[in-house]
Protein chains: 2
Amino acid sequence: MPSTEKSIASNTVSNTARSVVSSSRHSVVPTTRAEAVFRQLRQRIVEGDIAVGAKLSEPELAKHYQISRSTLRDALARIEGCGLLERKANVGYRVVGLSTDQLLEMFHVRESLEGMACRLAAQNMTTEQIAELKDLLVQHQANEKLQQGEAYFQKEGDLDFHYKIVQGSDNQLLIRLLCEELYYLVRMYRYQFGMASPRAKRAFSEHHNIIQAIEDRDGELAEILMRRHIAASRKNVEKRMQTHE
Amino acid sequence: MPSTEKSIASNTVSNTARSVVSSSRHSVVPTTRAEAVFRQLRQRIVEGDIAVGAKLSEPELAKHYQISRSTLRDALARIEGCGLLERKANVGYRVVGLSTDQLLEMFHVRESLEGMACRLAAQNMTTEQIAELKDLLVQHQANEKLQQGEAYFQKEGDLDFHYKIVQGSDNQLLIRLLCEELYYLVRMYRYQFGMASPRAKRAFSEHHNIIQAIEDRDGELAEILMRRHIAASRKNVEKRMQTHE
DNA sequence: CCACGGCATATTGTCGACAATCTCCCTTGA
DNA sequence: TCAAGGGAGATTGTCGACAATATGCCGTGG
């Protein structure tokens, strides 16, 4: 049995509903020092504990984690693979910047990639996976009724929803690109920009329709709905950008 | 002048037409040992000089390139970022395997990603970029007439065509995902499977129509055409799979 | 004959130190 | 005052050695 919920469980604040929906991610225990530091550092960067655009000092970080620079550099290289760090020769690593342009770029990539994932999910998801997906939505609904307005956790739940669909695509490459590269960036943006969505209710409805299309095994429709769902989020951001500028 | 065509020049067979269309890629000179070995090793893996699925011996490679294991590991980590290597803790790096399933997965990802790239290219490409794209197609046509049947080099040119469109999308994330991660895998597959396309003429025609849609700034059509173009290649492979099985 | 366990070997993970390069500041001169 | 050049300091790149782990072989027992 997979008995590793320690580090996630240490997030004692949000245990009410969050761990229920997020428990399926990252279950294995780190095997090596570099791997452990990799995960810790990645989380710190995602959550904004290390500022965007900040330069990382190898000596300082190595001392902080009580590891050698070699081990730290191994960890940093992995984080770079997640798209969270940039490296320049003879200069070092730097947390990627988060411009609104980049945010829109991500939406475009997600629109195409998750659209395809949704099409494949309609084709490949097992009935059990679909049932889990529906359960997730029910939990979200109850969750939303409990703490309405607190859109933040709903948004983390939103990512779990997208996560499950991508997993259901049964396309390893797609899963890797989205779950191991893009979604960390997405989460970093959400921590950074707050992302109090005024679209909560509509998003729920859209999620529901997407599940319906998947259940009907209508891949074409499922893809269209997912693309519109993400495009709507993008347009929402674009509108707010124009307002605030 | 960039004086690093040694290992490429050693490929004396294909200098006739290949360097003409592919010369624009990767022109900068490597700055560090790790970077240099990174590029050499990546090319060796792409071209199949190191067999797929083969395990890489760090001591052996370090000795071969006359560098320390630390430097080599740096290079290997970068190659892993290209999706060409897999790493297992306490076991080491291994060249990724190339199953036909994975090949189909790549087609699906490219269909969605390059479809979006094409849509954005229709929107963002400059007239000069479009002109370059047309020039490229003209070169391919002349090239094809010269060595008709030799579909292999045409295929490398095909990748240049897709490359230019992705660049024209003006979406840095998209460019990174396709040009710095997926396309190396694509090229590795082509070296491995030969990929003597019977679709050469039709592909030319499809390329032409795609350019036309981009020139008309019809992003919607451009995306559809690109997706069909890639889907057709996928179906072609699927058909051959059924035949040979 | 096969399955299991332990040992020898080789490989990977980690460490600390040195070399090469960049950054910043200060001096110098116009 | 400002621009250019040089030097001190700090940071990254690279190296070789040691420790921890996996792999394969061999012997033992059933």
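Applying the salt bridge (Lys or Arg N to Asp or Glu O under 4.0 Å) test to pairs two or more places apart or on separate chains, those with a residue in residues 113-132 of chain A are A/Arg110-A/Glu114, A/Arg119-A/Glu223, A/Glu132-A/Lys164. A salt bridge (Lys or Arg N to Asp or Glu O under 4.0 Å) check over residues 63-84 of chain A, counting only residues at least two apart or in different chains, returns the pairs A/Glu35-A/Arg78, A/Glu58-A/Arg69, A/Glu58-A/Arg73, A/Arg73-B/Asp74, A/Asp74-A/Arg78, A/Asp74-B/Arg73, A/Asp74-B/Arg87.
Legend: residues meeting salt bridge (Lys or Arg N to Asp or Glu O under 4.0 Å) with B/Asp49, ordered by chain and number and at least two apart, are B/Arg44. Not counting sequence neighbours, the partners of A/Thr71 by the side-chain contact (heavy atoms from CB on, under 4.5 Å) test are A/Arg33, A/Ala34, A/Ile67, A/Ser68. Evaluation of the salt bridge (Lys or Arg N to Asp or Glu O under 4.0 Å) rule for A/Glu238 yields A/Arg234 as partners, not counting sequence neighbours. A search for side-chain contact (heavy atoms from CB on, under 4.5 Å) contacts involving A/Ala89 returns B/Thr31, not counting sequence neighbours. With sequence neighbours excluded, the residues that form a ring-ring contact (aromatic ring centres under 6.0 Å, His included) with B/Phe161 are B/His207. Take B/Glu105 and apply the side-chain contact (heavy atoms from CB on, under 4.5 Å) test, not counting sequence neighbours, and it matches A/Asn171, A/Gln172, A/Leu173, B/Gln102.
A side-chain contact (heavy atoms from CB on, under 4.5 Å) with B/Arg190 holds for exactly one of B/Asp158, B/Val46, B/Leu185; it is B/Asp158.
On the nucleic acid side, DNA chain D contacts chain A at distances under 4.0 Å to non-hydrogen atoms, with the end points of that region at D/dT11 to D/dT14.
Looking at residues 62-75 of chain B, you'll see B/Arg69, B/Arg73 sit with a heavy atom under 4.0 Å from some atom of DNA chain C. Near-neighbour residues of DNA chain C inside residues 81-89 of chain B, defined by a heavy atom below 4.0 Å, number-ordered: B/Arg87, B/Ala89. Of the residues in residues 52-59 of chain B, those with a non-hydrogen atom less than 4.0 angstrom from any atom of DNA chain C are B/Lys55, B/Leu56, B/Glu58, B/Pro59.
Taking the ring centre of A/Tyr183 as origin, the terminal cationic atom of A/Arg187 falls outside the region bounded by 6.0 Å and 45° from the ring axis.
Here the CG atom belonging to B/Leu182 is positioned 7.5 Å from the CG atom belonging to B/Leu177, to the nearest 0.5 angstrom. Interatomic distance, CG of B/Leu133 versus OH of B/Tyr163, reported as 14.5 Å (0.5 Å rounding).
Each of A/Thr32 and B/Arg33 has a nearest nucleotide on DNA chain C; the 5'-most of these lies closest to A/Thr32.
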